[in-house]
Amino acid sequence: MALVELSHVSKRFTKGDETIVPLDDVCLAIEAGEFVSLMGPSGTGKSTLLNLVAGIDRPDSGQIIVAGTEITDLSRSRMADWRAQNLGYIFQTHNLIPVLTAYENVELPTLLLKLKASERRQRVELALEAVGLADRADHYPRQLSGGQEQRIGIARAIVSHPKVVVADEPTGSLDGQTSEQIQTLLQRLNQELGITLLMVTHDREVAGIAKRQLSLDQGRFRETNVRMQPNEIASR
Amino acid sequence: MLLPWEYGIRNLARRPVRTSLTLVAMTTVVVLILVVVGFVRGLERSLSVSGDREVVLVYSINSAENIENSSIAAQTPRLLTASLSGIWKRFGVPHVSPELYMGIRVGVVDSNRAADLHDRTNTEAVSESDALGLVRGVTSQAPLVRRDVRILSGDWPGPNEVMVGELAAAKLGLPANQIVVGNTLEFESQQWRISGTFSAGGSAYESEIWCNLPDIQSATKRQDLSLVAIRLPPGGSSAEAELFCKERIDLEIQAIRETQYYGGLQQHYGPVRHLAWMVVILVAAAGFFAGMNMMYGAVSGRVREIATLQAMGFRRIAIVVSLVQEGVLLAATASLIAGGIALLFFRGVAIRFTMGAFPLEIDGVAILIGSCVGLVLGALGAMPPAFKALRQSVAVGLKSI
Ligand SMILES: Nc1ncnc2c1ncn2[C@@H]1O[C@H](COP(=O)(O)OP(=O)(O)O)[C@@H](O)[C@H]1O
Ligand SMILES: [Mg+2]
């Protein structure tokens, strides 16, 4: 069984008379260790899909199984607990807590795990090292550059050793050079630490760093760079 | 799992101006609550400790609860002593205190000017600032019945002298240093040297001025009495005295236990207490809105942050608790400051009222009520904003700026 499995998932939004169907009966499977990018123009439902996989939104129909758990059935608080154990989320804007230092921001998700103080410290330090910012542990977000903030955001997403890390336009608010640093970092995390990544972007170049590239169009997936057996993995 | 404490504490520092303003508002609220509760408790205490269960008051049947208006015949004490068997006696002395009690204008004679004027013109001193004082003419029997009375300084009054209670100055609205032994008061066109000061265990006598009964009778050209206070033997019953007064219709007197008398007065002040509690509620409501307003402000600027915390796996309850912590932390600080202010500046401050004066009673109970109200305000004020923040879905919250 794949690590992430969406089967026949639909999601629609109703605004007044208008109904938008960003996801129409989609299926998707992601194996452990994969780096998948999801491309598509703005407003096609990429974030919607990401949020379904991340367990912060629910589909109207269909099934989502992540790491063996059928997350569509979970209660709100079980879902929160599940996220704490299994999921890392990298946001477009880092979303760091301004009143907490870099260290404290990265430590935050580990407070939801049963860890010894020493283990926790070790994990936070490793995560900070992985993003190359161990020396900025005591800095507050306002004392960091945009790229550094995003790296802290990435450290925070991986610190609790999640099964899946999702990233919604992780380079969307960064300039070219900083964006490249982040791309390299994400690639390294996937290759060196074996982190399973699902990344949404509207930038073709950024999407290119992923081994497997999907695009979302009119509520359906299109595999743009198929590595595995197409019938096994994606799209209907 | 809950969010770390530091998060709440540092969030308060995030908007220092707004937080300080709220702190000032909440502190004011708690101080006001402490003062009002202290007022009510002071009033209640003054009236409740004023009663002695073993003392019976005999006074005119026509004066309702107002002993100042009572007038009874001068021979009443003799009659009572002769007729009642249940009066406490020691060494053959029945414990009966005839008293004349009145509210009259009392002035203080300016001692410096008196000396000054004496030197040059030999004119008597000018009396100033007259306010309504409570004067009680008593005999040497009084301390046998009024057992709480303790002389603090000086002596029992001699002819044309007075002894003043601890709170007499407050009742007169005069600075305490004017009402001291050796100074002179003026009332009923006579001068009265202050021979001593006394306390009375917190009871209403502490706002009074005591002098010798014959002196005040001659000064006011009265021969009657206001009341007779009788001490019963320990555990004694007031039934005999009550029955005697009922049977002797011609005397037009009534007998009532002193505790009952002050109990009646407490009821009389019921509306004042209700008003005071109303003030507490209104002031508390103001504090509630101040707290809520701040928390609304704090939360509305933090929608995305709260969604982020949820996306990370913090449960909604953890976020509510954290916001409530913020509110409570601020309220606790306010309560602490308010308690300090109240204890430093308001504790024991004397309040004048018709019955005399009493000190603001900022005691443990007042502090407890004040702090509890403060903390509840902080907690309740944080809740509506917290729930508002959590009504939104996480996905939508993440998109907000
Ligand atoms: N909460 C919502 N309510 C109504 N419409 C929404 C909501 N979220 C997203 N949409 C709509 O769904 C479509 C897909 O949105 P989204 O997944 O954010 O797109 P993308 O991330 O690809 O830019 C858009 O047309 C958007 O307007
Ligand atoms: Mg999007």
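Everything quoted here is computed from the prediction, not taken from an experiment. Computed from heavy atoms alone, side chains included, the values below leave out hydrogens, waters and symmetry copies. Convention: sequence-line order gives letters A, B, ...; per-chain numbering from 1.
- For a residue to count as touching a neighbouring chain, one of its non-hydrogen atoms must lie under 4.5 Å from one of that chain's; by this rule A:Q85 does not touch chain B.
- In this structure, the separation between CG on A:L49 and NZ on A:K46 is 10.5 Å, given to the nearest 0.5 Å.
- A:T93 touches chain B through backbone and side chain together, each having a heavy atom under 4.5 Å away.
- Side-chain contact annotation: B:Y7 with B:E305, donor-acceptor N/O pair under 3.5 Å present.
- With a threshold of 4.5 angstrom between heavy atoms, A:N95 approaches chain B through its backbone and through its side chain.
- Summarising the geometry, atom CG belonging to B:L377 is positioned 6.0 Å from atom CD1 belonging to B:I33; distances are rounded to the nearest 0.5 Å.
- Among A:A80, A:A157, A:A84, the residue making the largest number of heavy-atom pairs under 4.5 Å with chain B is A:A80.
- Neither the backbone nor the side chain of A:L96 comes within contact range of chain B, judged by heavy atoms closer than 4.5 Å.
- Counting heavy-atom neighbours within 6.0 Å of A:R78 CZ, excluding the residue itself, gives a total of 12 or less.
- For the pair A:L216 and A:M39, the minimum side-chain heavy-atom distance is 4.5 Å or more.
- With respect to chain A, the highest number of heavy-atom pairs below 4.5 Å among B:L309, B:T308, B:V396, B:I317 belongs to B:T308.
- The choice from A:I56, A:L112, A:D57, A:N51 that makes the most heavy-atom pairs within less than 4.5 Å of chain B is A:L112.
- Looking only at atom types and distance, the side chain of A:E18 has no donor-acceptor partner in the side chain of A:T14 under 3.5 Å away.
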